Every structure is written in C-alpha cells, then in structure tokens.
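Here the structure is a predicted model, which is why all the values come from computation and not from measurement. Computed over heavy atoms, backbone and side chain alike; hydrogens, waters and symmetry mates excluded. Per chain, numbering begins at 1; letters A, B, ... match sequence-line order.
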Number of protein chains: 2
Amino acid sequence: MESFQNTQPIYLQIMNLIKKQIATSVFNPGQLLESVRELAMIYQVNPNTVQRALSELEREGLVRSERTIGRYITKDEAAIAQLHQNLVDEATSTYINNVLELHLSPEEILTTVKSRLKGDNT
Amino acid sequence: MESFQNTQPIYLQIMNLIKKQIATSVFNPGQLLESVRELAMIYQVNPNTVQRALSELEREGLVRSERTIGRYITKDEAAIAQLHQNLVDEATSTYINNVLELHLSPEEILTTVKSRLKGDNT
DNA sequence: ATTACTGTATTAAGCACCTAATACAATAAT
DNA sequence: ATTATTGTATTAGGTGCTTAATACAGTAAT
C-alpha cells in the first residue's frame with residue numbers, strides 16, 4: 001500500500017524516499033528511473049504528485065530528464081556520496097538537537113542510542 | 001519572531017513545542033498557562049491556531065481548561081515523566097530507523113553520534 | 001505508418017490549514 | 001456595577017496540496 005503520512009506534503013516524502021534510494025544505491029548512477037506513471041502506481045498517488053517530486057529532484061541535480069525517454073539518476077558519484085553524507089548529518093543534527101532540548105546529557109544520549117541498538121526495539 | 005516551518009501544520013509544531021516545555025519543566029505541574037491570545041502574540045500566529053493546539057493537548061490529558069480562568073498544566077507528574085520518556089524514545093527510534101535505512105552499521109551510528117557530541121557541530 | 005510509451009502542461013474540484021473579524025458567557029479585579 | 005480577561009464558537013476568505021481528466025510532442029518498437 002506504500003502509504004504516506006498526512007502531516008507532510010506527499011511530494012516531499014517521495015523526494016526523501018528517492019533520495020535515500022539514490023544514496024544507498026537502490027538506484028545506481030546513470031540508471032533509468034521508472035516512469036512518472038509507473039511510480040504513481042507504485043506509490044498509489046497521482047502522477048502530478050510524482051512529477052512534482054521528480055522536478056524538485058531535478059532542480060537539485062540528482063536526476064535529469066530526457067524529454068521522451070525517461071529520467072536518469074545522476075552519474076556524479078561524488079554528488080551521490082555527498083548526498084549520503086548530508087542525509088546522515090542532517091538526521092544526526094536533528095536528533096541531537098531534539099534530545100538536547102529534552103535536557104539529556106551527552107552521556108545519556110549515548111546510553112540511549114546504545115540501548116536502542118542492542119535491544120530489538122522497533 | 002518565533003516562526004515555524006511550512007512543511008508541517010503549525011498547530012502540530014506548537015503542540016510539540018509545548019510538550020517539550022512540559023517535559024522539561026519550563027512549565028511546572030499545575031501551573032497556569034499563558035492565555036490563548038497571549039500565546040498567539042508570542043508565536044505570531046492566529047489565536048484559532050493556538051486554540052487548536054491546546055485543545056489537542058487537552059485531549060491528550062496534558063493540560064486542562066478552566067472555563068473562564070485559563071489553562072492549567074496537568075499535576076500528574078507520572079504522566080509528565082512518561083511524556084518525557086516517550087519524546088526521547090520517539091526521537092531515538094526515528095533517528096535510528098533513518099540511519100539504518102541509510103545503511104549505517106550500529107558501530108557507524110555510534111561513531112557518528114559521538115563525533116557530533118564532541119565537536120561543536122550546531 | 002501505427003502503436004505504445006516518454007515527460008510535460010492545463011483545468012477543475014475538493015480538502016486541510018491558517019487567518020481575520022466577530023461574538024458570547026463567565027470570572028476576577030476595580 | 002463596570003471593566004478586562006478567560007475559553008469557546010462561528011463565518012468568511014485565502015493558500016497549498018492532491019486528485020482527476022485530458023491533451024500534446026517526441027521517441028522506440030512493431
């Protein structure tokens with residue numbers, strides 16, 4: 001059913017999903033992406049919504065569109081590595097800011113992360 | 001200016017902000033909260049938006065409203081402690097899910113967090 | 001040439017969120 | 001008693017996101 005939250009625009013969620021897939025080589029550099037209509041089927045959303053997500057990703061240089069052929073993932077592997085690093089950094093900053101605001105000490109933060117990694121806490 | 005993102009409903013952002021303030025004793029148990037109109041001034045949003053946020057918090061039992069007096073933070077300190085724990089757990093789960101999806105190993109996750117805590121990375 | 005696929009564009013409708021402008025009943029302070 | 005404040009409710013308008021239904025130009029395969 002590949003559904004989405006309702007608290008954030010779907011096109012942003014799709015952007016983040018595809019970014020993750022590029023960063024983790026689910027999509028390889030230079031690979032031809034599924035078509036707008038196919039992705040719309042997969043995600044169970046309107047083609048216009050997919051189109052919007054992909055347009056934004058193109059604006060960020062992660063994909064490029066070939067007018068009547070389809071969309072390709074960028075071949076720039078350095079950019080992809082950078083993307084991966086940015087996603088990690090952003091997630092980490094957000095998390096640490098969050099728990100610091102909750103008044104956890106650095107030691108408590110580490111303990112919390114460790115216990116979550118050990119236990120099978122889904 | 002206390003402004004908000006535009007990717008998430010403002011009333012949800014206000015809810016989370018107040019939750020954090022309750023969980024970290026910025027607001028104490030049983031304390032009288034600022035009025036809807038005052039909070040609207042502080043956050044620079046419409047009073048209706050604050051009203052919505054507070055109504056939801058009331059539905060969750062974190063505040064209670066006294067018809068023509070104002071709103072009180074709950075006196076239930078156990079509930080507040082539970083809230084704090086939930087916020088930490090939720091943030092941690094979200095973070096670890098994120099970086100696992102980015103294919104970081106548990107060791108890499110710990111290293112990443114540690115280096116962020118040591119360096120002055122804002 | 002026909003067919004099936006690409007990305008792209010447009011129009012209309014519905015929905016959630018946010019704002020603005022009021023209004024009302026009840027309490028506290030004067 | 002009057003005044004200022006409280007939470008609450010209502011109406012109207014604007015905006016952004018999403019969907020649906022089309023349409024068009026260009027490419028690939030038959």
Other cluster members, B/I69 - Ile/Leu/Val/Met/Phe/Trp/Tyr, side-chain contacts below 4.5 Å = B/L32, B/Y72
Distance-only donor-acceptor pairs under 3.5 Å for side chains of residues 79-86 of chain A, two or more places apart:
from, atom 1, to, atom 2, distance (Å)
A/H84, NE2, B/L102, O, 2.8
A/Q85, NE2, A/D89, OD1, 3.0
A/N86, ND2, A/Q82, O, 3.4

Interatomic distance, B/Q44 CD vs C/dT19 P [rounded to whole Å] = 10 Å
Just how far, in rounded Å, is C1' of D/dC17 from CD of B/Q5?
-> 17 Å
Spell out protein contact along nucleotides 4-18 of chain C as letters: B when the base is contacted, S when just the sugar-phosphate is, - when no protein heavy atom is under 4.0 Å; keep the 5' to 3' order.
-> --BBB-B------SS
Taking atom P of D/dA20 as reference, at what distance in whole Å does atom CE of A/M41 sit?
-> 12 Å
Under the salt bridge (Lys or Arg N to Asp or Glu O under 4.0 Å) rule, collect the residues that match up with A/E60, sequence neighbours excluded.
-> A/K19
Where at least one partner belongs to residues 25-50 of chain A, residue pairs that pass salt bridge (charged side-chain N to carboxylate O under 4.0 Å, His left out), sequence neighbours excluded | none
Of all residues at least two apart in sequence or in a different chain, which pass the side chain to side chain donor-acceptor pair (under 3.5 Å) check with A/E56?
-> A/R59
